[in-house]
Amino acid sequence: MKNYRDLILFSAFGLLLLAVTGCKGKADTKAESQKETKRPNFLFVLVDDQSPFDLKTYDPNSILETPTISKLASQGIVIEQARHMGSMNGAVCTPSRHMIMSGRTLWHLPPSAEFQKQTDPHEIDEQTIGAVFNRAGYKTMRTCKKGNSYPGANRQFTVVKDATKRGGSEETGSAWHAKQVLSYLDDREQGKEEDPFFIYFGFSHPHDTRNGTPELLEKYGAINHKDKNSLPPLNDKQPQLPPNYLEKHPFHHGHLDLRDEVRVSGVWENRDENTIRNELGREFACSENIDIQLEKVLSKLEAMGELDNTYIIYTADHGMAIGRHGLQGKQNLYEHTWRVPFIVTGPNLPAGKRVDGNVYLLDVLPTLCDLAGIEAPETVEGKSFVPVLKGEKETMRDVMYGVYAGGTKPGMRTVKKGDWKLIKYDVLDGAVRETQLFNLAENPNEYLPEHGKTGEMETNLANNPKYADKLAEMEALLLEQMQTYNDPYRLWDQPQIN
């Protein structure tokens with residue numbers, strides 16, 4: 001009888017154990033399923049005025065130390081050929097940021113892209129990044145500079161902490177922007193927020209005035225020079241002059257009284273070695289501080305257990321000259337200014353990969369939507385470059401088109417296909433009409449005759465009869481691109497618009 005009771009008890013215990021184990025197994029499976037379907041977060045990092053060639057990622061000879069950005073590059077994908085489409089405004093930042101936010105091409109942007117004070121609501125505003133991710137159930141936050149931006153799109157973010165911070169202290173510099181993000185993440189943590197986030201992490205540097213922190217200015221041998229009647233001292237710690245440095249651009253860029261070329265504090269119209277090396281030192285001090293602040297945010301995400309599920313995009317609104325080709329600002333179409341740094345890391349993306357890409361900043365919105373599994377708005381004209389990120393394609397397009405029409409019209413135009421690049425200038429009511437043709441494989445620094453290089457192709461080839469056919473091909477390609485993108489202008493040697 002006892003054996004019978006024991007058998008019943010043993011069987012009952014076994015059934016109970018099986019039931020508990022089964023429930024646990026179902027719970028584990030459910031937890032795993034939830035983990036697998038957890039939506040990704042996004043940290044979009046945008047810096048203000050940074051040439052890709054400042055970074056070791058794009059120029060191994062650079063002395064700028066940005067270990068966090070370099071680590072992102074090694075852990076993710078570096079896009080070699082990323083560009084802003086251009087500007088019809090002296091504040092190149094403004095249309096660039098409109099394109100990032102909206103996915104629209106240059107000539108199809110709201111009026112605020114050109115007329116910065118015309119900030120009335122526009123129908124495109126609600127088809128921009130913040131609004132799109134809000135509707136998709138994301139929690140959205142942004143911090144960035146104020147001004148020279150897209151106010152209608154900025155307002156769409158749920159949490160907005162904007163201020164222009166270009167000083168050299170915790171409160172007046174890049175650390176302020178990082179603190180806004182860290183505070184936001186703290187709030188999420190304390191509130192046990194489970195919805196995914198989209199954070200637009202923008203900086204006000206390295207845009208001038210480049211008032212770096214004292215310790216980083218000292219590291220790069222720079223001072224915040226303020227005396228127009230003297231030159232800053234040379235210092236062995238300063239960056240060397242860039243290889244395509246000139247004391248003066250060979251002809252006028254066509255934008256009279258352009259602030260970037262004549263009124264930047266510490267530079268003004270000076271292009272001597274002392275001034276340019278000091279200003280590069282200031283630029284590098286500000287850029288390294290950005291790297292330091294970025295590391296703080298990434299460390300916080302890691303401590304929260306969110307880093308592995310977060311796509312990180314690092315880029316700039318455009319490049320910068322600072323002495324290259326005798327120019328100072330961003331109102332030109334040389335590679336140092338037309339190109340932007342672009343690095344992407346995130347879930348299920350390969351590490352340590354470099355691709356050409358041929359992407360525009362206006363491709364950002366559709367790409368973010370693609371990564372998030374969100375349908376992009378119908379108003380978007382850019383292309384998702386997820387196929388490039390996943391190795392399915394090497395480039396998104398064969399031809400790249402660029403504009404600067406912020407000064408006298410029609411301005412500058414460029415087109416690039418393969419190794420060949422054409423730049424044309426039609427400014428100052430016809431007083432300056434110039435054509436440049438470069439082979440970037442043989443002349444990546446776009447050397448001009450004024451640089452005095454001896455290689456046959458290390459110069460402007462537009463007047464070399466050996467390349468007349470290539471010139472004609474590129475001229476036709478430029479006109480085709482101008483027509484494709486509804487460019488409202490024509491250059492002096494193109495068929496005029498009826």
Side-chain angles (χ1 to χ4, degrees), residues 40-48 50 52 72 76-87 92-106 108-110 113 124-136 138 140-144 149-150 152-154 156-157 197-203 310-319 338-346 349 355-390 393 395-397 400-402 485:
N41 305 308
F42 291 84
L43 180 69
F44 180 75
V45 184
L46 184 71
V47 302
D48 197 3
Q50 187 179 71
L72 285 178
I77 302 162
V78 175
I79 297 182
E80 299 278 9
Q81 304 292 331
R83 304 165 191 276
H84 70 103
M85 186 174 275
S87 181
V92 181
C93 315
T94 306
S96 175
R97 290 161 191 262
H98 277 70
M99 287 185 274
I100 289 171
M101 288 293 197
S102 68
R104 304 280 291 179
T105 52
L106 178 65
H108 294 169
L109 296 173
I124 298 297
D125 297 353
E126 294 184 4
Q127 308 305 323
T128 56
I129 289 176
V132 170
F133 275 80
N134 285 338
R135 288 195 292 270
Y138 275 75
T140 61
M141 180 266 176
R142 85 170 245 127
T143 181
C144 200
S149 193
Y150 182 1
N154 302 345
Q156 306 302 319
F157 290 82
F197 62 75
F198 184 102
I199 297 173
Y200 182 107
F201 187 11
F203 290 93
T310 300
Y311 287 105
I312 302 162
I313 298 92
Y314 179 92
T315 189
D317 48 3
H318 45 71
W338 188 30
R339 280 174 62 181
V340 296
F342 209 105
I343 302 168
V344 186
T345 70
L349 291 181
V355 295
D356 277 346
N358 276 3
V359 306
Y360 291 117
L361 287 176
L362 63 93
D363 296 327
V364 164
L365 176 52
T367 302
L368 296 174
C369 289
D370 200 351
L371 290 170
I374 301 170
E375 186 172 348
E378 291 183 1
T379 52
V380 165
E381 296 175 322
K383 302 177 182 180
S384 166
F385 53 83
V386 167
V388 166
L389 299 179
K390 293 188 174 179
K393 297 178 73 172
T395 61
M396 290 308 301
R397 43 181 69 80
M400 302 290 281
Y401 153 82
Y485 289 107

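Between Asn41 and Leu43 the shortest side-chain heavy-atom distance does not fall below 4.5 Å. With a 4.5 Å cut-off on side-chain heavy atoms, Tyr360 and His84 do not count as touching. Taking 4.5 Å as the limit, every side-chain heavy atom of Val92 sits out of range of all side-chain heavy atoms of Asp317. When side chains are defined from C-beta on, Tyr138 counts as touching Pro40, because their heavy atoms get closer than 4.5 Å. Side-chain atoms of Tyr150 and Ile100, non-hydrogen and from C-beta on, never get closer than 4.5 Å to each other.
Taking CE of Met85 as the start and OG of Ser96 as the end, the distance is 11.5 Å to the nearest 0.5 Å. Distance check, rounded to the nearest 0.5 Å: OH of Tyr401 to CG of Leu106 gives 6.5 Å. A distance of 10.5 Å separates OG1 of Thr143 from CD1 of Ile199, quoted to the nearest 0.5 Å. To the nearest 0.5 Å, atoms CG (Asp363) and CZ (Phe342) are separated by 8.5 Å. Atom CD1 of Ile77 is separated from atom CG of Leu389 by 4.5 Å, given to the nearest 0.5 angstrom. In this structure, CG on Asp48 lies 4.5 Å from CZ on Arg97, to the nearest 0.5 angstrom.
Listed by chain and residue number, Arg83, Glu335, Arg339, Asp356, Asn358, Lys416 satisfy the side chain to side chain contact (heavy atoms under 4.5 Å, CB included) test with Gln81 (two or more places apart in sequence, or in another chain).
Remark: the backbone N or O of Pro341 is paired with a side-chain donor or acceptor of Thr315 at under 3.5 angstrom. Not a single donor-acceptor pair under 3.5 Å links the side chain of His98 to the backbone N or O of Leu109.
Residue Pro110 comes nearest to Ile124 through the heavy atom pair CG-CB, 4.1 Å, listed as atom of the first residue, atom of the second, then distance. Closest of all the heavy-atom pairs between Arg104 and Thr379 is NH1-O, 2.7 Å. Scanning both residues, Thr94 and Ser149, for their nearest heavy atoms gives CG2-O, 3.4 Å.
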- Could you walk me through whether Tyr314 and Gln50 pass the side chain to side chain donor-acceptor pair (under 3.5 Å) check? CA-CA 11 Å; Tyr314 179 92; Gln50 187 179 71; 2.8 Å; yes

- Show the numbers, then the answer: is there a side chain to side chain contact (heavy atoms under 4.5 Å, CB included) between Ile313 and Leu368? CA-CA 9 Å; Ile313 298 92; Leu368 296 174; 3.7 Å; yes

- Carefully, step by step, assess Cys369 and Glu375 under the rule side chain to side chain contact (heavy atoms under 4.5 Å, CB included). CA-CA 6 Å; Cys369 289; Glu375 186 172 348; over 6 Å; no

For residues 126-136, please give each side-chain donor-acceptor pair under 3.5 Å, one per line with the distance, not counting sequence neighbours.
unit_1	atom_1	unit_2	atom_2	d
Gln127	OE1	Arg135	NH2	3.4
Thr128	OG1	Asp125	O	2.6
Asn134	OD1	Thr140	OG1	2.6
Asn134	OD1	Thr158	OG1	3.3
Asn134	ND2	Gly130	O	3.2
Asn134	ND2	Gln156	O	2.7
Arg135	NH1	Glu126	O	2.9
Arg135	NH2	Glu126	O	3.0

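Between Lys390 and Asp370 no salt bridge is recorded (no basic side-chain N to carboxylate O distance below 4.0 Å).
Screening Ile79, Val45, Leu72, Ile312 against Ile343 for a side chain to side chain contact (heavy atoms under 4.5 Å, CB included) leaves a single residue, Leu72.
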